[in-house]
Structures are given as C-alpha cells and as structure tokens.
Amino acid sequence: KNQVEQSPQSLIILEGKNCTLQCNYTVSPFSNLRWYKQDTGRGPVSLTIMTFSENTKSNGRYTATLDADTKQSSLHITASQLSDSASYICVVYGGSQGNLIFGKGTKLSVKP
Amino acid sequence: EAGVAQSPRYKIIEKRQSVAFWCNPISGHATLYWYQQILGQGPKLLIQFQNNGVVDDSQLPKDRFSAERLKGVDSTLKIQPAKLEDSAMYLCASSHTSGRVETQYFGPGTRLLVL
C-alpha cells in the first residue's frame, strides 16, 4: 500500500534552534517528493520538490534530503523563526496511477 | 502571477443544508484538484480534473458531493446535504508540468463548519 508517514507528529522548539522533520514512504514507483509548509487556516505552500536523482535541495533556511534507497526524506530547518510555526507536509508523487500521496504533517511550534 | 482563488473563505451551515465552493485556478493550468483536509490531518484528494474531464474521483462521496469544471477553467464543489463530519478545510489546487515534474499550487482554502 502506498503510504507516507511523518514524524514527529508535533514538535516545540525555541526560536533560533534547528530542527529536523522526518518522512518515510512506501510509494512505488516513485517519481518525486515534495515538502509543503501550511500555516494555520491557509493552503499549503511548496518548499521543495526532489526527484529520484536529487538527494538534497535547499530553500533558504530549509534543506530537504532524500534517500531513495531507504525511502526516507528529512526537512531541516536552520535558525528557526517564530514564522516557521506551521504544519509541514511531506507529499510523494508516484504509484502505478501517478497519484499525490500526502503525509499527515508535523506541527511545528517555535516559541520565543 | 495571480494564485489560485477560492471563495468563500469561511462558511457555517447547519446539517442537511447545501453548500457550494468556488475555485479559479492559475491561468493556463489544465489540472485542477479538490481536497478535503480535516483538522490535524493531511489533505485527502476528492477529485482531479484535467481540463473539463474527471481524472480521479474515486474518493469523492458521490451520494452527497459533486463537482464540475464545465469550461475547463473554474470549478465548483457542492455538498448536498451536509453532515457534521463534512466540517473541514476544502482546498483547491491547480498544477502545471515542466519536464517531468508537476508543480502544484494551492488556494487559501474554504473552511466549512457544519453545526
């Protein structure tokens, strides 16, 4: 079954600290993996998209990694800011019919 | 570039009433999606359109939900009659493909509360 699992479910960190969010998937065949940031009450906004051949991609203070062999991805946030408080959703595009499979998200709270 | 537009942003109705949501995708995007996102969960695909044709509506509760994209541009999603468990955020997204990568853009969503 094609699934995307994210951990932790929620995370609280202090402003200025780094954090890493995890995403494991069982989607096959795999096409690409995306990380989205979703502010409360808003639609998701794309942070990164990585294909099979890419193992790291950065977008400002956000760095995503992909290990297609172990089917794992991580999103690292450096020097967190209060505005980073949001849900971060991992999405894998793939499967036999080419679907977008969403994880449940990690809710990040950055405290002053 | 204008983003995906959705309206209304919020809607409160009583159970058994009807409600309709509207979405205007980014100009030129052939693919349009409707998602349901229950609080604390990831979005769940309800229906995917390619131009005005339905690509995937396997998870759309067709006894009460309907969607159309008559001219292949904007789209409406209707719930009739609504149930308490329909309370959720309804997200519309549109996408374009560059090379082999499809990039999806989400609208701000419509938050529905069914009382």
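For the numbers below, each heavy atom of this structure counts, side chains included, while hydrogens, waters and symmetry mates do not. Below, chains carry the letters A, B, ... as their sequence lines are ordered, and counting in each starts from 1. Predicted, not measured: the structure shown is a model, and the values here were computed from it.
Between A:Leu100 and B:Leu45 the shortest side-chain heavy-atom distance does not fall below 4.5 Å. Two residues are said to be in side-chain contact when any heavy atoms from C-beta on lie closer than 4.5 Å; A:Tyr36 and B:Gln104 meet this criterion.
Looking at B:Leu91, the atoms closer than 4.5 Å to chain A (heavy atoms on both sides) all sit in the side chain, from C-beta outward. Looking at A:Gln38, only its side chain comes within 4.5 Å of chain B, counting heavy atoms on both sides. Neither the backbone nor the side chain of A:Asp39 comes within contact range of chain B; no heavy atom of the residue lies under 4.5 Å from a heavy atom of that chain. Neither the backbone nor the side chain of B:Tyr10 comes within less than 4.5 Å of any heavy atom in chain A.
Atoms CD1 and CD, on A:Ile89 and B:Gln37 in that order, are 5.0 Å from each other to the nearest 0.5 Å.
Enclosure of atom CD in B:Glu85 by more than 12 non-hydrogen atoms of other residues, nucleotides or ligands within 6.0 angstrom is indicated. Annotation: A:Lys104, atom NZ; neighbour count of heavy atoms from other residues, nucleotides and ligands within 6.0 Å does not exceed 12. Within a 6.0 Å radius of NZ in B:Lys11, no more than 12 heavy atoms belonging to other residues, nucleotides or ligands are found.
Through direct or relayed side-chain contacts under 4.5 Å between Ile, Leu, Val, Met, Phe, Trp and Tyr, A:Ile13 connects to A:Val4, A:Leu11, A:Leu21, A:Tyr25, A:Val27, A:Phe30, A:Leu33, A:Trp35, A:Leu47, A:Met50, A:Phe52, A:Tyr62, A:Leu66, A:Leu75, A:Ile77, A:Leu82, A:Tyr88, A:Val92, A:Ile101, A:Leu108, A:Val110.
Across all non-hydrogen atoms, the minimal contact from A:Phe102 to B:Pro43 is CD2-CD, 3.4 Å.
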Table please: side-chain donor-acceptor pairs of residues 70-82 of chain B below 3.5 Å, with sequence neighbours left out.
residue : atom : partner : partner atom : Å
B:Asp74 : OD2  : B:Trp22 : NE1          : 3.0
B:Ser75 : OG   : B:Trp34 : NE1          : 2.9
B:Ser75 : OG   : B:Glu68 : O            : 2.8

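Under a hydrophobic-cluster definition in which Ile, Leu, Val, Met, Phe, Trp and Tyr are linked whenever side-chain heavy atoms come within less than 4.5 Å, directly or via other members, B:Tyr90 and B:Phe49 are assigned to the same cluster.
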